[in-house]
Amino acid sequence: MGLAGEAEIRGETSRMETIHTVEWMKQVTRQARAEGRLVGLVPTMGALHQGHLSLVRAAQQQCKPVVVSIFVNPQQFGPNEDFSKYPRRLEADSALLEGLRVEYLFAPPPAEIYPDGFRTYVNVEGVSERLEGRSRPGHFRGVTTVVLKLFEIAQPHFAYFGRKDAQQARIIRQMARDLNLDTEIVVCPMARESDGLAMSSRNAYLKDDERRAAIVLYRALDAARQEIAAGERDAVRLLAVMRKVLNAEPLATPDYVEIVDADTFEPVSRLRRSCLALLAVFLGSTRLLDNMLVEEVEGAGSSFRVSL
Ligand code: PAF
């Protein structure tokens with residue numbers, strides 16, 4: 001089945017409402033809460049793909065109404081990043097969400113979110129400064145600021161994020177805990193193309209040869225997965241395996257390759273408890289992320305479950 005049309009196939013008509021103002025979005029979700037309904041929020045920057053739609057389906061399992069926000073947040077882009085060329089496809093995105101029978105699309109103009117005189121930012125210390133935070137200074141401050149605002153506006157009981165942006169999900173969970181937010185953060189599995197490439201709106205930037213080369217991220221993680229299956233637990237040796245695969249691809253320039261504790265995001269020297277192998281790699285000017293979750297299986301000696 002294509003991306004759209006699941007509801008049509010079930011013979012249902014779509015009734016999605018698109019909301020552009022903070023005031024109306026607040027009223028709608030406050031009313032839903034007052035009626036005792038569970039509100040789910042899927043925050044996105046649009047250019048929706050199957051990864052986003054899997055978050056929507058996860059939200060629909062738990063919540064009604066589901067709100068999907070589409071807002072390309074200027075605050076999370078650095079001065080030399082891709083804010084102006086970031087794909088904007090509101091009409092196509094809206095059709096996809098209607099096809100899934102989403103109740104509300106929240107698509108505010110920038111001035112609704114950042115009116116003149118805006119001055120307040122949210123920063124999660126420590127984990128925001130590593131990895132993505134080091135490569136993209138200010139990025140996570142922009143993410144947490146807009147996500148907190150979206151939570152205040154939509155008042156969701158549950159909010160859904162993808163594991164592809166594992167550090168983002170960890171930071172948002174920290175913010176929710178530190179600020180006693182009434183929103184539970186749900187982190188959903190990776191969505192991949194059939195050849196293994198992690199789904200991302202930025203994949204649309206890749207030229208044909210870069211798109212072919214981009215599966216090197218998945219191949220690097222898969223090579224580490226095979227080593228773990230064969231008994232390797234040493235992080236330095238696993239990193240060397242991943243770097244070797246990446247270095248063999250001439251179109252790929254790694255930004256970072258790390259294995260970290262999934263809670264603290266500090267590097268580990270050996271696999272333990274719950275770890276993430278994280279990659280950020282340039283294909284031409286496009287920077288792609290991927291990761292693999294490695295979790296110790298309790299009561300099974302030194303056995304690890306790997307989720308790619
Ligand atoms: O993951 C994203 O698309 C964005 O960082 C988010 C969470 C929608 C905030 O702008």
Side-chain angles (χ1 to χ4, degrees), residues 19 22 25 40-56 58-59 66-78 81-90 92-94 96-97 102 104-114 118 120-124 127-128 131-133 135-154 156 158-176 179 181 183-191 198-205 278 280 286-291:
I19 296 179
V22 167
M25 189 74 254
L41 173 69
V42 182
T44 82
M45 296 203 301
L48 302 179
H49 51 65
Q50 281 290 354
H52 295 113
L53 302 192
S54 70
L55 302 182
V56 172
V66 169
V67 179
V68 176
S69 63
I70 295 185
F71 180 66
V72 185
N73 173 32
Q75 296 287 351
Q76 68 188 76
F77 290 80
E81 293 185 354
D82 54 344
F83 173 67
S84 55
K85 76 164 185 174
Y86 197 85
R88 287 159 173 88
R89 305 186 197 131
L90 191 59
D93 289 346
S94 171
L96 290 176
L97 298 173
V102 164
Y104 300 107
L105 165 58
F106 179 48
E112 274 292 298
I113 300 296
Y114 299 116
F118 181 87
T120 305
Y121 297 88
V122 185
N123 190 42
V124 173
V127 65
S128 293
L131 298 152
E132 282 302 283
S135 295
R136 304 182 65 191
H139 168 67
F140 285 126
R141 183 179 92 141
V143 170
T144 42
T145 299
V146 82
V147 169
L148 181 61
K149 284 177 67 79
L150 292 169
F151 286 2
E152 270 303 299
I153 295 163
F158 295 92
Y160 298 81
F161 297 87
R163 203 199 76 215
K164 186 180 75 66
D165 297 302
Q167 192 178 5
Q168 166 174 284
R170 174 69 189 88
I171 288 168
I172 290 169
R173 199 167 253 169
Q174 185 74 39
M175 172 179 77
L179 300 182
L181 304 184
T183 300
E184 189 173 314
I185 309 304
V186 183
V187 182
C188 299
M190 298 284 278
M199 289 190 183
S200 162
S201 304
R202 290 192 167 95
N203 292 350
Y205 298 151
L278 297 158
T286 305
R287 187 168 173 281
L288 299 181
L289 304 184
D290 204 339
N291 70 70

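Throughout, residue positions are numbered sequentially from 1 according to the sequence presented. Counting convention: from 1, in listed order, for ligands and their atoms alike.
Not one N or O on the side chain of Lys164 forms a donor-acceptor pair closer than 3.5 Å with the backbone of Met199. Of the possible donor and acceptor atoms, one in the side chain of Gln167 sits under 3.5 Å from a partner among the backbone N and O of Val127.
In terms of the salt bridge (Lys or Arg N to Asp or Glu O under 4.0 Å) criterion, residue partners of Arg287 (sequence neighbours excluded) are, by chain and number, Glu132, Asp255. With sequence neighbours excluded, no residue forms a ring-ring contact (aromatic ring centres under 6.0 Å, His included) with Phe158. Here Phe118 pairs with Tyr114, Tyr121 under the ring-ring contact (aromatic ring centres under 6.0 Å, His included) rule; sequence neighbours left out.
Considering CG of Leu48 and CZ of Arg89, their distance stands at 8.5 Å, rounded to 0.5 Å.
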Report each N/O pair between ligand 1 and the protein that falls under 3.5 Å, naming both atoms.
unit_1, atom_1, unit_2, atom_2, d
ligand 1, 1 (O), Gln168, NE2, 2.8
ligand 1, 5 (O), Gln76, NE2, 2.9
ligand 1, 5 (O), Gln168, OE1, 2.7
ligand 1, 10 (O), Gln76, OE1, 2.6

